[in-house]
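Everything numeric here is computed off the predicted structure, so don't read it as measured data. Lettering of chains follows the sequences in order, A, B, ..., and the numbering in each one begins at 1.
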There are 2 protein chains.
Amino acid sequence: MNERALKLWVVLSRAHASVEAHVRADIARHGLTSGEFGALEALHSKGPMLLGEVKKKILLSSGGITYVVDRLEEKGLVERRACPEDRRASYAALTEEGTALMKRIFPLHAAAVARAVSGLDAAEQEEASVLLRTLGRHAERLGEGS
Amino acid sequence: MNERALKLWVVLSRAHASVEAHVRADIARHGLTSGEFGALEALHSKGPMLLGEVKKKILLSSGGITYVVDRLEEKGLVERRACPEDRRASYAALTEEGTALMKRIFPLHAAAVARAVSGLDAAEQEEASVLLRTLGRHAERLGEGS
DNA sequence: ACAGAGCATCTCATAACTGAGATATTTGGC
DNA sequence: GCCAAATATCTCAGTTATGAGATGCTCTGT
């Protein structure tokens, strides 16, 4: 029955929006947007990445990734670096300032996220993560044909 | 530990974005945006609602709800009606055309949503709905103090 | 009755994107 | 080697929002 699916979609949307409001408010305190923070987070955990990799990681459009990296470059947090193997592509990498910022604010961010999702206990969070990973992966694959 | 919370937030974001991409593509085929469809859906299921009620239902800012209802009025799908008890407020209500549109496209939409969340079976969808409702409700309440 | 706090909505400037098309490069088949 | 298709990023116009402040109305306490 489709009602079950609709209900899931509604609660997924609301849960995302409600949690995001908290996360966004936390991020905004550091003068960043969600998109910017997503990119910084990716670069912080994985090191320099091609713009296309960042784009996939944080699910932004082609124009969006250019926009976000431009903003981060203006703020001095990220720099573009040429990619020797492919001259169409370029890397984004944290600057020293970007690294320092992330070291400083990441723990605060993690605490804010923990607070925002504290409606579920540890076991429920694990359970929800498993279900959502399955859900997300499947939805991603569905779209690959277009 | 905060890692669990961060992981949950990441998979929640990705799952939402991936599913939304499908839902948005479906809605766009009918010339509507997600916000517009959300408002139409609310009005379709509950009948005429105050703008403030719609705003809460689909989690839009004050400017956003004005914008969305303006668009829907331009398209002839919704009309504003004066609220006799409170002259600051107004109702949004589906027009005949809006009702007809929703009757026509809602089943198609439901099918598209069902496809988008088909990575989980029926029992998992129920399970996820329960967890996400708890998560969302809690996050909403957290923000009420500000 | 009335001041002032509290609300519902609207207005406006601006942000944060999207998506189509442009540009430059690479890759695979012939 | 060469051409066409694929790919990575950028550009640009337009869209969908946000959030602060304005406006007009209602409610509360006195």
Side-chain angles (χ1 to χ4, degrees), chain A residues 13 16-18 20-25 27-29 31-40 48-75 78-93 143-146, chain B residues 13 16-17 20-25 27-29 31-40 48-75 78-93 143-144 146:
Chain A
S13 297
H16 177 258
S18 302
E20 203 211 8
H22 291 288
V23 174
R24 170 151 50 185
I27 289 173
R29 268 200 291 282
L32 298 168
T33 66
S34 306
E36 289 168 353
F37 191 87
L40 290 176
M49 298 171 78
L50 293 174
L51 293 197
E53 294 173 326
V54 179
K55 164 169 144 14
K56 262 189 197 157
K57 187 91 186 164
I58 63 177
L59 300 180
L60 233 47
S61 64
S62 65
I65 190 63
T66 299
Y67 176 78
V68 163
V69 174
D70 282 355
R71 289 293 144 299
L72 290 171
E73 236 177 356
E74 280 170 19
K75 291 177 183 176
V78 159
E79 61 185 8
R80 283 178 169 87
R81 292 182 192 160
C83 172
E85 298 86 34
D86 185 344
R87 296 194 355 218
R88 294 168 302 179
S90 52
Y91 286 103
E144 275 167 11
S146 62
Chain B
S13 296
H16 177 257
E20 203 209 10
H22 291 288
V23 174
R24 172 152 48 186
I27 289 173
R29 268 201 292 282
L32 298 168
T33 66
S34 307
E36 289 169 353
F37 192 88
L40 290 175
M49 297 170 79
L50 294 173
L51 293 196
E53 293 173 327
V54 178
K55 163 168 144 18
K56 261 189 199 159
K57 187 91 184 164
I58 63 176
L59 300 180
L60 232 46
S61 63
S62 66
I65 190 62
T66 299
Y67 175 78
V68 162
V69 174
D70 282 355
R71 289 293 144 299
L72 290 171
E73 236 176 356
E74 280 170 19
K75 291 177 181 173
V78 158
E79 61 184 10
R80 283 180 170 87
R81 291 181 192 161
C83 171
E85 298 86 33
D86 185 344
R87 296 192 358 214
R88 293 168 304 179
S90 53
Y91 286 102
E144 276 167 9
S146 61

Query raised in the report: Within this structure, what is the CD-to-C1' distance between A/E20 and D/dT18, rounded to whole angstrom?
Result: 12 Å

Report task. Return the value, rounded to whole Å, for the distance between atom CG of A/L51 and atom P of D/dT11. Result -> 12 Å

Requested in this report: Check whether any side-chain heavy atom of B/I27 lies under 4.5 Å from a side-chain heavy atom of B/T33, and answer yes or no.
Outcome: no

Query raised in the report: Do the side chains of B/S90 and B/L51 get nearer than 4.5 Å, heavy atoms only?
Result: yes

In a table with atom names and distances, give each donor-acceptor pair under 3.5 Å that connects a side chain of residues 79-88 of chain B to protein atoms at least two apart or in another chain.
| unit_1 | atom_1 | unit_2 | atom_2 | d |
| --- | --- | --- | --- | --- |
| B/E79 | OE2 | B/R81 | NE | 3.0 |
| B/E79 | OE2 | B/R81 | NH2 | 3.1 |
| B/R80 | NH1 | B/D70 | OD1 | 3.0 |
| B/R80 | NH1 | B/E73 | OE1 | 2.6 |
| B/R80 | NH2 | B/D70 | OD1 | 3.0 |
| B/D86 | OD1 | B/R88 | N | 3.0 |
| B/D86 | OD1 | B/R88 | NE | 3.0 |
| B/D86 | OD2 | B/R88 | NE | 3.4 |
| B/D86 | OD2 | B/R88 | NH2 | 2.7 |

Query raised in the report: B/L50 has an atom CG; how far is it from atom C1' of C/dC7, in whole Å?
Result: 12 Å

**Report entry** A/E73 CD - D/dC10 C1' separation (whole Å)
**Finding:** 13 Å

Report summary line: On a heavy-atom basis, the closest approach of A/I58 and A/G35 is CD1-O, 3.8 Å

**Report entry** Nearest-angstrom distance from the residue atom CG of A/D70 to P of D/dC10
**Finding:** 7 Å

Query raised in the report: In B/S/- notation, 5' to 3', how is nucleotides 16-26 of chain C contacted by protein heavy atoms closer than 4.0 Å?
Result: BSBBB---BBS

Query - Distance (rounded to the nearest 0.5 Å) between B/I65 CD1 and B/K56 NZ - result: 13.0 Å

**Report entry** Residues B/R71, B/E74; criterion salt bridge (charged side-chain N to carboxylate O under 4.0 Å, His left out); working and verdict
**Finding:** CA-CA 5 Å; B/R71 289 293 144 299; B/E74 280 170 19; 3.6 Å; yes

Query raised in the report: Taking CZ from B/F37 and P from D/dT16, how many angstroms apart are they, rounded to a whole number?
Result: 16 Å

